Novice: 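Input: one structure, supplied below.
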Amino acid sequence: MSIVGVISMKGGVGKTSVTANLAAALAGKLGEGRVTAIDLDPQNGLQWHFGLEAQDSDGVCELSVRSEPWRREDLPSGFNVDCMPYGAGAERDREAFETLLEHEPDWLGAQIKRSGLSKDAVVLIDSPPGVSVYQKQVFACADLILVVVLADAGSYATIPAMETCLDEMEKKYPNLRSAYVLNQVDRSKSLNRDVADLLQRYLGERLVPMGIHADSAVGEALAFHQPVLVYDPHGQASHDLDRLASWVIEALNQ
Ligand SMILES: Nc1ncnc2c1ncn2[C@@H]1O[C@H](COP(=O)(O)OP(=O)(O)OP(=O)(O)O)[C@@H](O)[C@H]1O
Ligand SMILES: [Mg+2]
């Protein structure tokens with residue numbers, strides 16, 4: 001089993017969009033039953049990308065608070081991706097869940113291992129922005145971390161803190177690998193182009209070679225509760241995500 005965590009220091013950079021659409025792209029390549037997407041963000045938005053918004057009661061938060069195990073066969077599925085929502089539970093559930101995560105740093109990895117996923121499953125985990133109990137859980141179980149950044153000054157400013165964090169985590173978890181994914185690339189805008197070039201020079205091979213273009217189809221697809229690869233299969237973002245999925249498969253096989 002391979003676990004890919006999607007994180008960022010800054011909010012709104014596209015983690016949830018990348019997690020969902022990358023999961024759909026991976027499922028397109030690997031087939032049904034191979035890809036699971038886990039929403040570890042109280043915003044509980046990941047499931048929307050798979051048209052699963054109706055099933056919003058039992059998520060990872062409620063199941064955990066009730067000490068109920070996750071079972072792969074119980075997970076709702078959309079577009080060949082099994083999706084574990086965070087859950088739309090009460091505030092006290094969220095607090096209890098976060099306390100549990102605080103006390104059991106390896107809790108997420110243990111649940112995933114026990115869930116009955118196949119040995120060749122790929123699990124993607126979406127997380128809230130910044131350092132949190134959720135992000136720590138992701139670091140503790142992931143094989144590969146994808147850090148989503150935009151080509152803007154706000155994302156650029158977070159890179160030193162992220163690099164320090166990744167250094168620490170890679171010391172703590174020696175098998176952990178990480179790479180940056182540049183999202184919303186728009187080379188027609190000079191600032192976007194300049195920051196993208198700066199990031200390329202600064203990060204070198206740590207920047208995944210294919211960025212994801214700014215493409216209005218990403219937001220439109222969500223409005224239609226579909227992955228962008230289904231909504232606009234021949235569009236720019238779909239093409240980029242397909243290439244990113246190939247890159248991830250290769251990285252996980254190394
Ligand atoms: N490649 C893209 N092109 C155009 N719009 C995009 C792209 N990626 C993401 N977006 C849009 O950017 C906004 C933020 O995306 P998203 O919710 O995925 O970010 P996030 O990092 O998960 O946010 P949060 O930190 O709140 O969890 C959404 O409106 C989404 O549709
Ligand atoms: Mg998000």
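Being a predicted model, the structure only gives us computed values, none of them experimental. Ligands are counted one by one from 1 in listed order, and the atoms in each one are counted from 1 as well. Any value given below was found using the heavy atoms of this structure, including those in side chains, with hydrogens, waters and symmetry copies removed.
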Novice: List, for ligand 1, each N/O atom that has a protein N/O partner under 3.5 Å away, with both atom names and the distance.
Specialist:
residue, atom, partner, partner atom, Å
ligand 1, 1 (N), Asn183, OD1, 2.9
ligand 1, 1 (N), His213, O, 3.0
ligand 1, 3 (N), Asp215, N, 2.9
ligand 1, 3 (N), Asp215, O, 3.3
ligand 1, 8 (N), Asn183, ND2, 3.0
ligand 1, 10 (N), Gln184, NE2, 3.4
ligand 1, 12 (O), Gln184, NE2, 3.4
ligand 1, 18 (O), Thr16, N, 3.4
ligand 1, 18 (O), Ser17, N, 2.8
ligand 1, 18 (O), Ser17, OG, 2.6
ligand 1, 19 (O), Gly14, N, 3.0
ligand 1, 21 (O), Val13, N, 3.1
ligand 1, 21 (O), Gly14, N, 2.9
ligand 1, 21 (O), Lys15, N, 2.9
ligand 1, 21 (O), Lys15, NZ, 2.8
ligand 1, 22 (O), Lys15, N, 3.4
ligand 1, 22 (O), Thr16, N, 2.8
ligand 1, 22 (O), Thr16, OG1, 2.8
ligand 1, 23 (O), Gly12, N, 3.2
ligand 1, 25 (O), Gly12, N, 2.8
ligand 1, 25 (O), Lys15, NZ, 2.8
ligand 1, 26 (O), Gln43, NE2, 3.0
ligand 1, 27 (O), Gln43, NE2, 3.1

Novice: What protein atoms of element N, O or S are positioned under 2.8 Å from the Mg ion (ligand 2)?
Specialist: Thr16 OG1
Novice: In this structure, which one of Leu124, Val181, Ile7, Thr19 forms a side-chain contact (heavy atoms from CB on, under 4.5 Å) with Leu146?
Specialist: Val181
Novice: Strictly below 4.0 Å, N to O, side chains only: are Glu95 and Arg92 in salt-bridge contact?
Specialist: no
Novice: Which residue pairs satisfy the side chain to side chain donor-acceptor pair (under 3.5 Å) criterion with at least one member in residues 78-88, sequence neighbours excluded?
Specialist: Arg72-Asp82, Ser77-Asp82, Tyr86-Tyr134
Novice: Within the 3.5 Å criterion, strictly below it, is a donor on Glu163 or Tyr202 matched to an acceptor on the partner's side chain?
Specialist: no
Novice: Grab the two heavy atoms, one from Leu182 and one from Leu150, that are nearest each other, plus how far apart they are.
Specialist: CD1-C, 3.7 Å
Novice: Using a distance-only test with no angle check, is there a side-chain donor-acceptor pair under 3.5 angstrom linking Thr158 and Lys10?
Specialist: no
Novice: Quick one: list whatever passes salt bridge (Lys or Arg N to Asp or Glu O under 4.0 Å) with Asp126, sequence neighbours left out.
Specialist: none
Novice: Whether Asp93 and Arg66 form a salt bridge (side-chain N of Lys/Arg under 4.0 Å from carboxylate O of Asp/Glu) is what I want to check.
Specialist: no
Novice: Taking Arg187 first and then Asp197, would you say they form a salt bridge - that is, a charged N and a carboxylate O separated by under 4.0 Å?
Specialist: yes
